Amino acid sequence: MGKGRITIGLYNSYDPKRFAEAHRRAIARAGGLAMSFDMNLALFGFPFPEGPKTPVELAEWVAGTTSIGKHGGYFMDLAEKGRFLSFPYPNKGFPPQLGEAVLTTSKVDPKKSVSIRQLADMVEHGQSILLVFGLGPHGVPKGPSEIPKYNVDVTGGGYSLETCTAVGSVTGALHALLYE
């Protein structure tokens, strides 16, 4: 059996109506990490403007005004390979085709707690996972944060990390465990 896939999921906890520079920068950074570590990228609740509709068109629009990730080139490569998707906010659950949802948080529910090692083992044994990161100062809101079956704290000590730092830490740790 082959390895499962890992999808980086960014949940927009900033402004749901206006696309801001913070959105653009986080997407460009996550796109670079996804390309670097052979992962996919999914966005939830991002307020894209009217016009660009397909993942490649959205990627072109985002990449057109950033210097991050080879001027958005990594994100464009990801979209052209069919490894970037955008979804509305989830109502009852995250898209099952993305794998088992895992909330990345510093406030782990003890009943849902898994380690980075356990996630790597899941992927190693063919389970795909969706790593859900809250983009904004308060992370994923209460309702959607209860959807995932699993919670992971990459620090192991309840330390709150800035979103892009958390994305880099979790994806880097998983990649190191899977390819050591």
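Side-chain atoms are counted along with the backbone in the values below, which use heavy atoms only and exclude waters and symmetry mates. The model shown is predicted, which means the values in this text are computed figures rather than measured ones.
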| message | Can you give me the closest heavy-atom contact between Ser13 and Gly139, atom names plus distance? | response | OG-O, 2.5 Å
| field | Rounded distance [0.5 Å steps], CD1 in Ile116 versus OG1 in Thr155 | value | 10.0 Å
| task | Report yes or no: do Phe48 and Tyr89 belong to one cluster of Ile/Leu/Val/Met/Phe/Trp/Tyr joined by side chain heavy-atom distances under 4.5 Å? | result | no
| query | Hey, does the side chain of Asn12 reach the backbone of Asp15 with a donor-acceptor pair shorter than 3.5 angstrom? | reply | yes
| query | Would you say Leu135 and Phe46 make side-chain contact, with heavy atoms under 4.5 Å? | reply | yes
| message | Are Leu174 and Val123 packed together at the side-chain level, in the sense that at least one heavy-atom pair is separated by less than 4.5 angstrom? | response | no
| note | Heavy-atom closest pair (Pro47 atom, Pro16 atom, distance to 0.1 Å) is CB-O, 3.3 Å
| Pairwise side-chain contact, Leu130 with Phe44, heavy-atom cut-off 4.5 Å (strictly under) | yes
| Can you list the steps and then say if Asp109 with Leu103 is a side chain to side chain contact (heavy atoms under 4.5 Å, CB included)? | CA-CA 10 Å; Asp109 176 340; Leu103 179 69; over 6 Å; no
| For Pro90 against Gly93, the heavy-atom pair lying closest together | CB-O, 3.3 Å
| query | Phe37, Tyr179: one ILVMFWY side-chain cluster at the under-4.5 Å cut-off? | reply | yes
| task | Would you mind reporting whether Gln118 and Tyr150 have side-chain heavy atoms less than 4.5 Å apart? | result | no
| message | Check for me, please, whether Val102 and Phe133 land in the same ILVMFWY cluster - side-chain distances under 4.5 Å, paths through other members count. | response | yes
| query | Would you call Arg117 and Glu180 a salt bridge, taking side-chain N to carboxylate O under 4.0 Å as the test? | reply | yes
| said: Checking Val108 against Val152 for the side chain to side chain contact (heavy atoms under 4.5 Å, CB included) test, could you report, in this order, the C-alpha distance in whole Å, the side-chain angles of both residues, the deciding distance, and whether it holds? | reply: CA-CA 6 Å; Val108 171; Val152 66; over 6 Å; no
| request: Grab the two heavy atoms, one from Thr163 and one from Gly134, that are nearest each other, plus how far apart they are. | output: OG1-O, 2.9 Å
| Given the side-chain rings of Phe94 and Phe87, with only the six-membered ring counted for Trp, is the space between their centroids under 6.0 Å? | no
| task | Starting at CE of Met39, measure out to NE2 of His175 and round the result to the nearest 0.5 Å. | result | 6.5 Å
| Which heavy atom of Val167 sits nearest a heavy atom of Thr171, and at what distance? | O-OG1, 2.7 Å
| task | Verify the cluster assignment for Tyr11 and Ile147: are they in a single hydrophobic cluster under the rule of side-chain heavy atoms below 4.5 Å apart? | result | yes
| query | In Å, rounded to the nearest 0.5 Å, how long is the span from CG of Leu43 to CD1 of Ile27? | reply | 4.5 Å
| Same apolar cluster: Leu119 and Val170, side chain cutoff 4.5 Å | yes
| note | Given the options Leu78, Leu33, Thr7, Leu41 meets side-chain contact (heavy atoms from CB on, under 4.5 Å) only with Leu78
| query | Less than 4.5 Å apart, any side-chain heavy atom of Leu131 and any of Ile6? | reply | yes
| How many angstroms lie between CG in Leu10 and SG in Cys164, if you round to the nearest 0.5 Å? | 7.5 Å
| Cationic N near anionic O, under 4.0 Å, Arg83 to Asp38 | yes
| note | d(Ser145 OG, Lys112 NZ) to nearest 0.5 Å is 7.5 Å
| Gap between atom NZ of Lys107 and atom OG of Ser160 - 0.5 Å precision | 6.5 Å
